[in-house]
Structure formats: C-alpha cells, structure tokens
Amino acid sequence: MATLDTLFPFKRHFITLGGHKLHYVHEKPAGINGQRPDAVVMVHGNPSWSFYYRNLVQALSDQYECVVPDHIGCGLSDKPGDDAYDYTLAQRIDDLEALLDSLDIRSNITLVLHDWGGMIGMGYAARYPERIKRLVLLNTAAFGLPKSKPLPLALKICRDTALGTLLVRGFNAFSSAASYVGVKRAPMAADVRRAYVAPFNSWQNRISTLRFVQDIPLKPGDRNWDLVQSIDASLQQFTQVPTIILWGLKDFVFDRHFLEGWQQRLPKAELHAFADCGHYILEDASDEVIAHIRRFIDETAVAKSADEQTSNPEEKASAETTSAGSAD
C-alpha cells in the first residue's frame, strides 16, 4: 500500500499569513536558457487539497514552475478556528495573491482551476488580468449558480442545516462522500482515497469543508454575492486569453449548466468533455487530461513566442523586407 510520501513526493513549503502556516507545492526546472519558466498555478477547491494536482505537477515541472497552495483549513495548511481566520472568498483571494507575490510571480501565469478554485483563481485574475497568460478549467465556476440549475439537495443540507454541520464536521461526510461519488470510470484506489480525506481527520480540521459550502452566495445580500458578481463581470477581459476546458459530464454539481456558462462567457475556449467522468476529472481521466493540458500549454507557449518575435516594429519591418526580396 502506497504511503502519502510515495503518492505525494514533493518537498513541503510553507508561508505564514496572518499567523497561520499555508502549505504549498513549488516544483520547477533549474531554468531554461537563463530565463524563468512560465508559472503554472493550480488552485484546488472543496473538499480536496493540493494532492489533487500531484500527477499534473509531475508532468509539467520539468518545463514549468508549478505552484499549488493548500488553502488555509485544507491539506497540510493550518486549520484555525473562526476566531482566528476569516473563511471567506475574499480572504482566499488575498491569500493566493500574498503567496504569488512572495514568490515574485507576477507575469506569464497559467491558472489551472478546479471546483471553488475557479472563483478564487479568477478573483485573483480579476485583480491582475495582465498577469494571466492561459486558463485551464476543470469542472469549476467563476460565476453564480446558473438560473437553470437548483442547488443540489446535498449542498443545501450542508449549507443551511444543523444536520449538515453534524454530518460534515462530525462524520467527514462531505470529503468522504466526494472520494466515492467524485469519480465515475472506476473507484479510487484505497490509498488514494485515504490521502484525500486524511487532512480532515477531526471536528476542528473539517472547519474549512463546511465553511466553503456555507460561503456559497445564492441571492443578493448573501455574503460574497457582490464579489461573485464582479468576478463574473470580469470574465469578459479573458475572451482572448488561450483557454482550455476539460469537463467531466457526470459531475452532479458542476454539470452541463456550468459548462454552458463557461462556453457563453469564453466562446473561443478549446473544449474536451468526458461523458463517463465525474467531478474529479484528474482522477477519472488522468492520462488524457494531463496530455491535453501539456499539449495546450506547450503549443500556446510556441505561438506566444512567435508573436513576441514579430512584435518589435524594427524586427517586423525587417521580416517584411526579407519576404519582399524573396518574392522578387
């Protein structure tokens, strides 16, 4: 049976934010031609943690600088109580910004977003659209619940009832259930499932799992409603940013209604939908999804490099002169 260190073979890095330790993965090549490689920032949602991206990090870190935070309350990060940390969307965005600034990552960012990570990542992108080079979207959202979709009953119970609190914090129902229903092609291996739920091993350590659900705004006046609306409005800035969407169509939360929302907002995005996959698309179709992501990042890097080479007016004029001379 594989251990966590075997499944998750990365050095542990920590930054202290507001007195709390935030864990993050930071894997990168030594450098390419003396230049810093593009950063690939992977943002997880609920109830997962940086473990979700382990295979993608291993596939990309030979060429790209991979950064994967564990949100406060998740994974290997501290799990403070409500009296010491504000478990809200705005705070999550602040944390991501602080981490990236501490690493001096302020340009050429590829965001890989899953679940609530979409709202956090695009909240950051809304603040700094000029820093974003590519988007990779995996069963996620950066806009409110579509009008065509009711809130699933399981989420409503978790969000709004004392029973939900007991189930989530007392019995780890949310994280445990997700490790079963979040995959559709085949069940998770037992050691992988244990790794997903391991950080959420007590009432106190399950606080973020509940607070994430309670933080979902459903109507004007709800906390985060205005912030979510502003993040949604900001998406029009990214219609020309290279984007790939990889989607498990058997996700009972982030389903076709959310996918259609992305297609309406980012109509030029490349789409790969998997009819037999669920929420944890990187588990269900790991090899296929990772191959698509690697190819997409590599191809857009080449295209961007070519554009940059002809963006200098003098170089462009020289190229045009050479072309004209050849025609003669």
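Keep in mind that what you see is a predicted model, and the values were worked out from it rather than measured. Only this structure's heavy atoms are used, side chains among them; waters, hydrogens and symmetry mates stay out.
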Count the heavy atoms of every other residue, nucleotide or ligand shown that sit under 6.0 Å from [atom1] of [X], and state whether that count exceeds 12.
| X | atom1 | answer |
| --- | --- | --- |
| Phe171 | CZ | no |
| Asp82 | CG | yes |
| Lys149 | NZ | yes |

Exercise for review: Please determine, by modelled atom types, if Glu97 and Tyr128 share a side-chain donor-acceptor pair under 3.5 angstrom.
Suggested key: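 Result is yes, a qualifying pair exists.
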**Study point:** Donor-acceptor side-chain pairing of Asp86 and Thr88 below 3.5 angstrom
**Key:**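 Looking only at side-chain atoms, Thr88 and Asp86 do form a donor-acceptor pair, the distance falling under 3.5 Å.
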Practice item. Check Lys184, Arg54, Arg193 against Glu283 for a salt bridge (Lys or Arg N to Asp or Glu O under 4.0 Å) and give me the one that passes. Key: Arg54
Less than 4.5 Å apart, side chain to side chain, heavy atoms only: is that true for [X] and [Y]?
| X | Y | result |
| --- | --- | --- |
| Phe10 | Gln58 | yes |
| Phe8 | Val25 | yes |
| Lys133 | Ile109 | no |
| Phe51 | Pro199 | no |

Does this structure show an ion pair linking [X] with [Y], if we count only N-O contacts that are shorter than 4.0 Å?
| X | Y | value |
| --- | --- | --- |
| Arg12 | Asp5 | yes |
| Asp160 | Lys156 | yes |
| Arg185 | Asp276 | yes |
| Arg159 | Asp222 | yes |

Exercise for review: Please state whether the rings of His279 and Phe254 are parallel, tilted or perpendicular, taking 30° and 60° as the class boundaries.
Suggested key: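 Ring orientation of His279 relative to Phe254: parallel.
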Review point. When the ring planes of Tyr280 and Tyr52 are compared, do they come out parallel, tilted or perpendicular, using 30° and 60° as the limits?
Key: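 Correct class here is tilted.
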Using modelled atom types and a 3.5 Å cut-off, is there a donor and acceptor pairing between side-chain atoms of [X] and backbone atoms of [Y]?
| X | Y | result |
| --- | --- | --- |
| Asp115 | Gly117 | no |
| Ser148 | Pro146 | no |
| Asn205 | Lys79 | no |
| Arg206 | Arg169 | yes |
| Lys219 | Pro217 | no |

Review point. Hey, which of His44, His71, His13 is the one that makes ring pair (Phe, Tyr, Trp, His ring centres under 6.0 Å) with Tyr24?
Key: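 Of the listed residues His44, His71, His13, the ring pair (Phe, Tyr, Trp, His ring centres under 6.0 Å) partner of Tyr24 is His13.
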Measuring from [X]:[atom1] to [Y]:[atom2], what's the distance to the nearest 0.5 Å?
| X | Y | atom1 | atom2 | result |
| --- | --- | --- | --- | --- |
| Gln214 | Thr209 | CD | OG1 | 11.0 Å |
| Asn46 | Ser208 | CG | OG | 6.5 Å |
| Ile120 | Asp95 | CD1 | CG | 8.5 Å |
| Cys277 | Leu246 | SG | CG | 10.5 Å |
| Ile281 | Ile245 | CD1 | CD1 | 12.5 Å |
| Leu210 | Trp203 | CG | CH2 | 8.0 Å |

Exercise for review: Evaluate the criterion salt bridge (Lys or Arg N to Asp or Glu O under 4.0 Å) for residue pair Arg134 and Asp38; output intermediate values, then yes/no.
Suggested key: CA-CA 10 Å; Arg134 308 176 193 84; Asp38 284 1; 3.2 Å; yes
Check your understanding: Can you check side-chain contact (heavy atoms from CB on, under 4.5 Å) on Leu56 and Val68, steps first, answer last?
Key -> CA-CA 10 Å; Leu56 186 58; Val68 195; over 6 Å; no
Point to revise | side-chain hydrogen bond (donor to acceptor under 3.5 Å, both in side chains) evaluation trace for Asp70 with His23 | key: CA-CA 5 Å; Asp70 280 331; His23 167 263; 2.8 Å; yes
Practice item. Flag this pair as yes if the NZ/CZ of Arg92 is under 6.0 angstrom from the six-membered ring centre of Phe212 and inside a 45 degree cone about the axis; otherwise no. Key: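 Judged by the rule, Arg92 and Phe212 form a cation-pi pair.
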Check your understanding: Can you list the steps and then say if Val168 with Val213 is a side-chain contact (heavy atoms from CB on, under 4.5 Å)?
Key -> CA-CA 10 Å; Val168 172; Val213 180; over 6 Å; no
Check your understanding: What residues form a side-chain hydrogen bond (donor to acceptor under 3.5 Å, both in side chains) with Asn55, not counting sequence neighbours?
Key ->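 Applying side-chain hydrogen bond (donor to acceptor under 3.5 Å, both in side chains) to Asn55 gives none.
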